[in-house]
Amino acid sequence: MTAKAEAIMEKLKESGYAIDTITYNSMMKLYMSTHRFEKVPLMIQEMKKNDIPLDKFSYSIWLNCVAMSDVNKMEEVIDEVKHDNNVNTDWTIYSTLAAAYVKAGILDKAESALEKVKNKMPQSDRSAYEYLITLYASVGKRDEVYKVWHSLKLIFPKPKNRSYICLLSSLVKMGDVEGAEQIFKEWESVCVRYDIRMANICLKAYVKKGLLEKAESLLGNIIQKGGEPNFNTWEIFAEGCIQNGKFEQAVAALKKSASVGKFVKWQPKPVNVLAILKHFETHCDLESAEDLLKLLRDLNCVDIEMCNSLIRTYAKSGKADPGIFELMERYKVNCNEETDMLLKQTRQP
């Protein structure tokens, strides 16, 4: 794709067609998406040489590119923007700068850039508030997150779900689970249609903190209030069950994930499957292992580590493998040395 785009651009140059800023921006975006970052400064130089004006998108792409190689040079780009009378240095330029400093871990400069974002952003731009919330959370400024949220609510008294999701995710990211609970309750009190994404954020926070009882309670409330848990909901809950040693509940939750996720061809995370299989293997629980194997077959989700775990469970139970090798052939799973050894142990003479 890049080669074709370059060829087209060369033909345009050779034909004498005027190449505008938008064309250069498109090429630079293509170079960024294909990780050919070294090409972007060359495009900028070419634009300057040919008196093609840079716009705010040109500078934004250039900033992102510089951030990939030498974050300290971003100030030079910003200085150029300031002295370019053709460009309005709006909040998006400084939000790009702030995000780059956050990624580089230069938090003092990130906060300075965020102050400029606050001063320059239009009050009517909802996305600006949401972006600020996300970035302040990235630098751990919880008080600033709440300040921006309150400012947003003054302009937009009825925040949209996306704004609540932004805030909730940010609070969880900072470890403020209690704050997230309060915001979630506030949202529940005003929501017209239950958005399961909101509940999933809180559910994941509970699971991460090891608060399985709260996770169970939340799951019950979701259903009671007419919410519809999706495959992510049930898998998050399954992870909590695994962490707390409740493997039967974990399998039941994964089955529910499979049921609601069948139209998107959902598959469980291998790490969760292996954790459950390891438990069944340790306790020689062949019946439960076979039950999980049936689910994996139905989901077309079988790999060598899962197969080896199942074979070990058969071996510990003193029983022969009833067709694991055929299963592996069906799903094109290649044997490894451990598999060969295990199959010899479990095959009956």
Side-chain angles (χ1 to χ4, degrees), residues 20-22 24-26 28-29 32 44 47 52-67 71 74-104 106-171 173-174 176 179-180 183 186-187 190-192 195 197-198 201:
D20 59 11
T21 304
I22 294 175
Y24 274 96
N25 287 350
S26 297
M28 289 192 290
K29 283 174 69 177
M32 290 295 289
I44 295 293
M47 291 175 75
I52 297 169
L54 278 68
D55 62 14
K56 66 178 183 180
F57 300 108
S58 312
Y59 282 111
S60 182
I61 297 167
W62 189 13
L63 269 174
N64 279 312
C65 179
V66 171
V71 71
M74 289 195 300
E75 295 290 349
E76 295 177 17
V77 180
I78 290 295
D79 284 339
E80 284 205 34
V81 179
K82 289 177 181 178
H83 292 92
D84 190 335
N85 295 326
N86 296 317
V87 177
N88 175 25
T89 53
D90 66 4
W91 72 273
T92 60
I93 291 288
Y94 288 102
S95 66
T96 300
L97 184 65
Y101 280 137
V102 168
K103 190 174 181 180
I106 308 174
L107 302 187
D108 56 335
K109 288 190 175 183
E111 289 181 49
S112 176
L114 286 172
E115 284 299 314
K116 289 185 172 66
V117 173
K118 281 200 297 186
N119 294 333
K120 287 181 172 288
M121 71 182 212
Q123 289 189 334
S124 59
D125 192 337
R126 192 191 305 266
S127 63
Y129 291 96
E130 293 166 353
Y131 204 76
L132 262 180
I133 287 171
T134 301
L135 286 174
Y136 270 124
S138 296
V139 296
K141 294 293 181 178
R142 188 177 66 172
D143 290 345
E144 291 298 329
V145 166
Y146 281 113
K147 284 180 184 178
V148 177
W149 175 248
H150 291 313
S151 296
L152 182 152
K153 289 181 72 177
L154 287 174
I155 306 299
F156 305 100
K158 295 181 179 180
K160 292 185 177 181
N161 281 3
R162 77 176 200 190
S163 297
Y164 274 110
I165 289 171
C166 173
L167 176 62
L168 204 60
S169 299
S170 296
L171 294 176
K173 183 177 182 178
M174 292 185 294
D176 186 6
I183 295 298
E186 176 188 311
W187 169 79
V190 298
C191 74
V192 177
D195 190 335
R197 295 175 299 171
M198 293 286 295
I201 294 169

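Just so you know, residue 1 is the first one in the sequence shown, and it goes up from there. Quantities reported herein were computed from a predicted structural model and do not represent experimental measurements.
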**Prompt:** Should Lys118 and Tyr136 count as side-chain neighbours, where that means a heavy-atom distance under 4.5 Å?
**Reply:** yes
**Request:** Please identify each residue that fulfils side chain to side chain donor-acceptor pair (under 3.5 Å) with Asp176, with sequence neighbours left out.
**Result:** Tyr146
**Asked** When rounded to the nearest 0.5 angstrom, what is the spacing between CD1 in Ile93 and OG in Ser60?
**Response** 5.5 Å
**Complete:** With sequence neighbours left out, the residues meeting side chain to side chain donor-acceptor pair (under 3.5 Å) with Glu75 are Tyr101
**Prompt:** What pairs with Glu186 under side chain to side chain donor-acceptor pair (under 3.5 Å), at least two apart in sequence or on another chain?
**Reply:** Lys153, Tyr164
**Asked** Under the side chain to side chain contact (heavy atoms under 4.5 Å, CB included) test, which residues partner Leu107, sequence neighbours left out?
**Response** Val139
**Message:** For Met174 and Leu171: C-alpha separation, side-chain torsions, deciding distance, then whether side-chain contact (heavy atoms from CB on, under 4.5 Å) applies.
**Reply:** CA-CA 5 Å; Met174 292 185 294; Leu171 294 176; 3.9 Å; yes
**Message:** Are Asn86 and Asp55 packed together at the side-chain level, in the sense that at least one heavy-atom pair is separated by less than 4.5 angstrom?
**Reply:** no
**Request:** Check whether any side-chain heavy atom of Thr134 lies under 4.5 Å from a side-chain heavy atom of Cys166, and answer yes or no.
**Result:** yes
**Message:** If the condition is salt bridge (charged side-chain N to carboxylate O under 4.0 Å, His left out), which residues does Asp195 pass it with, not counting sequence neighbours?
**Reply:** Arg197
**Fill in**
Sequence neighbours excluded, the answer for side chain to side chain contact (heavy atoms under 4.5 Å, CB included) partners of Ser163 is Arg126, Glu130, Trp149, Leu152, Pro159
**Request:** Quick one: closest heavy-atom pair of Thr21 and Pro53, and the distance?
**Result:** OG1-O, 2.6 Å
**Asked** Excluding sequence neighbours, so at least two apart, what forms side chain to side chain donor-acceptor pair (under 3.5 Å) with Lys29?
**Response** none
**Request:** For Lys120, enumerate each residue passing the side chain to side chain contact (heavy atoms under 4.5 Å, CB included) test, keeping only those at least two apart in sequence or located in another chain.
**Result:** Thr89, Trp91, Tyr94
**Message:** Run the side chain to side chain contact (heavy atoms under 4.5 Å, CB included) test against Ser151 and tell me which residues pass, sequence neighbours left out.
**Reply:** Tyr129
**Request:** State whether the side chain of Asp125 and the backbone N or O of Met121 hold a donor-acceptor pair below 3.5 Å, judged by distance alone.
**Result:** no
**Heavy-atom pair with the smallest gap, counting every atom of Asn161 and Met198** = O-SD, 4.3 Å
**Request:** Decide yes or no for Trp62 and Leu54: does some side-chain heavy atom of the first lie under 4.5 Å from some side-chain heavy atom of the second?
**Result:** yes
**Request:** Would you mind reporting whether Val66 and Val71 have side-chain heavy atoms less than 4.5 Å apart?
**Result:** no
**Request:** Quick one: which residue pairs count as a salt bridge (charged side-chain N to carboxylate O under 4.0 Å, His left out) with a foot in residues 80-96, not counting sequence neighbours?
**Result:** Lys48-Glu80, Lys56-Asp90
**Asked** Can you tell me how far the CE atom of Met32 sits from the SG atom of Cys65, to the nearest 0.5 Å?
**Response** 5.0 Å
**Request:** Return yes if some donor-acceptor pair links the side-chain N/O of Ser170 with the main-chain N/O of Ala137 below 3.5 Å, else return no.
**Result:** no
**Request:** Only counting residues at least two apart or in another chain, list the ones meeting salt bridge (charged side-chain N to carboxylate O under 4.0 Å, His left out) with Lys109.
**Result:** none
**Message:** Leu114 and side-chain contact (heavy atoms from CB on, under 4.5 Å): which single residue from Leu135, Val102, Val148 fits?
**Reply:** Leu135
**Request:** First locate atom NE2 of His150, then atom CG of Leu154, and finally report the distance between them rounded to the nearest 0.5 Å.
**Result:** 9.0 Å
**Asked** Checking side-chain contact (heavy atoms from CB on, under 4.5 Å) for the pair Ile78/Leu63: CA distance, chi angles, key distance, verdict?
**Response** CA-CA 8 Å; Ile78 290 295; Leu63 269 174; 3.9 Å; yes
**Fill in**
So CG of Leu167 and CD1 of Ile133: to nearest 0.5 Å the spacing works out to 5.5 Å
**Request:** Kindly write out the residues that satisfy salt bridge (charged side-chain N to carboxylate O under 4.0 Å, His left out) with Lys147, not counting sequence neighbours, or none if the list is empty.
**Result:** Glu144
**Request:** Using a 4.5 Å cut-off on heavy atoms from C-beta on, say whether the side chain of Met28 contacts that of Asn25.
**Result:** yes
